[in-house]
*Asks:* 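A single structure is presented below for examination.
Computed from a predicted model, the values in this text were never measured in an experiment.
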Amino acid sequence: MATSSLILLLLSLVYIACEARSPIAASSRASNFIKSSCGATKYPALCVQSLAAFAPSIQQSPRQLAQTALSVSLERARSSQAFVSKMKKFRGLKKREYEAIKDCMEEMSEGVDRLSKSVQELKHMGKGKGQDFLWHISNVETWVSAALTDENTCFDGFAGKALEGKVKASIRARILNVAQVTSNALSLVNQFASKQ
């Protein structure tokens, strides 16, 4: 009787251990990690939505979460930059709209460059510690903050009632999304830095 109880207990432990290592359990833990981390961002629902598909690669790594958030921000900034570039060719633009789009393209280009540098800096900083880590993470935070400023400056060029209309609304929606995703990425980079 004691032997069968011991076997039952061992089988239960094996089952629990296997269950804890299952892909479903790992995915659930990764999803919970993303939700928890995104809870501290300015746009938590957007954060979860934009990162959920990457849960298998993020796992529970603050570094990988920050890296992925930066990559998502860069991809959206590039997509928005291409969209704004197409808007410049839109027929019937007012001169002021054309100038605002041109200025916006310059800002977006700078933002894309800064986000690209940030992705590379975080990717190649290795497992730096101490002052080396602080220097690299400071570069990332500075560049992401500057990219966020570029995105906001892009939209500032469309201020005023003279530029109301579909062009402004289309560009605003894109730039707003990029700015929100970039804000979330900066928050996740800061979280990663605080855990080192």
Side-chain angles (χ1 to χ4, degrees), residues 16 18-84 104 107-108 110-127 133 136-156 168-196:
I16 290 169
C18 289
E19 192 63 25
R21 291 183 180 178
S22 76
I24 294 170
S27 178
S28 177
R29 284 192 301 275
S31 293
N32 288 337
F33 171 71
I34 291 169
K35 286 177 191 169
S36 172
S37 299
C38 285
T41 66
K42 195 169 181 180
Y43 308 100
L46 177 62
C47 180
V48 171
Q49 177 266 324
S50 64
L51 297 172
F54 303 98
S57 63
I58 292 170
Q59 297 296 313
Q60 293 179 302
S61 166
R63 178 192 191 107
Q64 189 59 41
L65 180 64
Q67 185 73 47
T68 304
L70 285 173
S71 295
V72 167
S73 180
L74 175 59
E75 182 273 321
R76 292 201 184 176
R78 284 180 175 153
S79 173
S80 295
Q81 180 184 27
F83 177 81
V84 171
C104 181
E107 295 295 334
M108 290 299 296
E110 288 178 19
V112 164
D113 183 53
R114 289 178 172 130
L115 287 170
S116 183
K117 283 185 195 175
S118 298
V119 167
Q120 294 307 313
E121 185 85 359
L122 192 58
K123 189 181 289 183
H124 293 111
M125 68 187 248
K127 302 208 185 264
F133 174 82
H136 287 293
I137 205 71
S138 175
N139 286 341
V140 172
E141 290 169 336
T142 299
W143 291 329
V144 176
S145 294
L148 191 53
T149 300
D150 293 331
E151 292 153 7
N152 289 322
T153 302
C154 165
F155 192 68
D156 288 347
K168 177 181 177 178
S170 298
I171 291 174
R172 182 183 194 286
R174 292 283 185 130
I175 301 305
L176 183 61
N177 181 265
V178 173
Q180 289 173 345
V181 169
T182 303
S183 171
N184 287 343
L186 180 58
S187 178
L188 295 171
V189 166
N190 290 335
Q191 284 180 45
F192 165 59
S194 71
K195 292 178 180 175
Q196 297 305 305

*Asks:* Output all residues satisfying side-chain contact (heavy atoms from CB on, under 4.5 Å) with S37, sequence neighbours left out; order by chain, then residue number.
*Replies:* F33, L65, L188, Q191
*Asks:* Testing the basics here: between A77 and L115, what is the closest heavy-atom pair and its distance to 0.1 Å?
*Replies:* CB-CD1, 3.8 Å
*Asks:* Quick one: side-chain hydrogen bond (donor to acceptor under 3.5 Å, both in side chains) pairs with a partner in residues 64-73, sequence neighbours left out?
*Replies:* Q64-T68, S73-T182
*Asks:* Would the distance check show the side chain of S80 and the main-chain N or O of R76 forming a donor-acceptor pair, the cut-off being under 3.5 Å?
*Replies:* yes
*Asks:* With a 4.5 Å cut-off on side-chain heavy atoms, are T41 and S183 touching?
*Replies:* no
*Asks:* So how far is it from R174 CZ to S79 OG, rounded to the nearest 0.5 Å?
*Replies:* 4.5 Å
*Asks:* Could you measure the distance from the CD1 atom of I58 to the CZ atom of R63? Nearest 0.5 Å is fine.
*Replies:* 14.0 Å
*Asks:* Between CD of E75 and CG of L70, what distance do you get to the nearest 0.5 Å?
*Replies:* 13.0 Å
*Asks:* Show every ring pair (Phe, Tyr, Trp, His ring centres under 6.0 Å) that has at least one partner inside residues 38-69, sequence neighbours left out.
*Replies:* none
*Asks:* Contact between Q180 and K42 at the side-chain level, heavy atoms closer than 4.5 Å - yes or no?
*Replies:* no
*Asks:* Do N184 and C38 touch side chain to side chain, with heavy atoms closer than 4.5 Å?
*Replies:* no
*Asks:* What residues, two or more places apart in sequence or in another chain, satisfy salt bridge (Lys or Arg N to Asp or Glu O under 4.0 Å) together with E107?
*Replies:* none
*Asks:* What pair of heavy atoms forms the shortest contact from A40 to S187, and how long is it?
*Replies:* O-OG, 3.5 Å
*Asks:* Quick check: closest heavy atoms across G39 and P44, and the distance to 0.1 Å?
*Replies:* CA-CB, 4.2 Å
*Asks:* Nearest 0.5 angstrom please: L176 CG to I171 CD1, how far?
*Replies:* 13.5 Å
*Asks:* Show me the donor-acceptor pairs, under 3.5 Å and distance only, between side chains in residues 137-144 and residues at least two apart or in other chains.
*Replies:*
unit_1 : atom_1 : unit_2 : atom_2 : d
N139   : ND2    : E121   : OE2    : 3.0
T142   : OG1    : S138   : O      : 2.8

*Asks:* Check for a donor-acceptor pair, side chain of S50 on one end and backbone N or O of C47 on the other, with a separation under 3.5 Å.
*Replies:* yes
*Asks:* Where do V181 and L46 come nearest, in terms of heavy atoms and distance?
*Replies:* CG2-CD2, 3.7 Å
*Asks:* CG/D150 to CZ/R114 distance, rounded to the nearest 0.5 angstrom?
*Replies:* 4.5 Å
*Asks:* Please list, chain by chain and in numerical order, all residues satisfying ring pair (Phe, Tyr, Trp, His ring centres under 6.0 Å) with F192, sequence neighbours excluded.
*Replies:* F133
*Asks:* Do E110 and D113 have side chains that get closer than 4.5 Å, going by heavy atoms?
*Replies:* no
*Asks:* Is a donor on one side and an acceptor on the other found under 3.5 Å between the side chain of S36 and the backbone of N32?
*Replies:* no
*Asks:* Measuring from Q81:CD to I175:CD1, what's the distance to the nearest 0.5 Å?
*Replies:* 9.5 Å
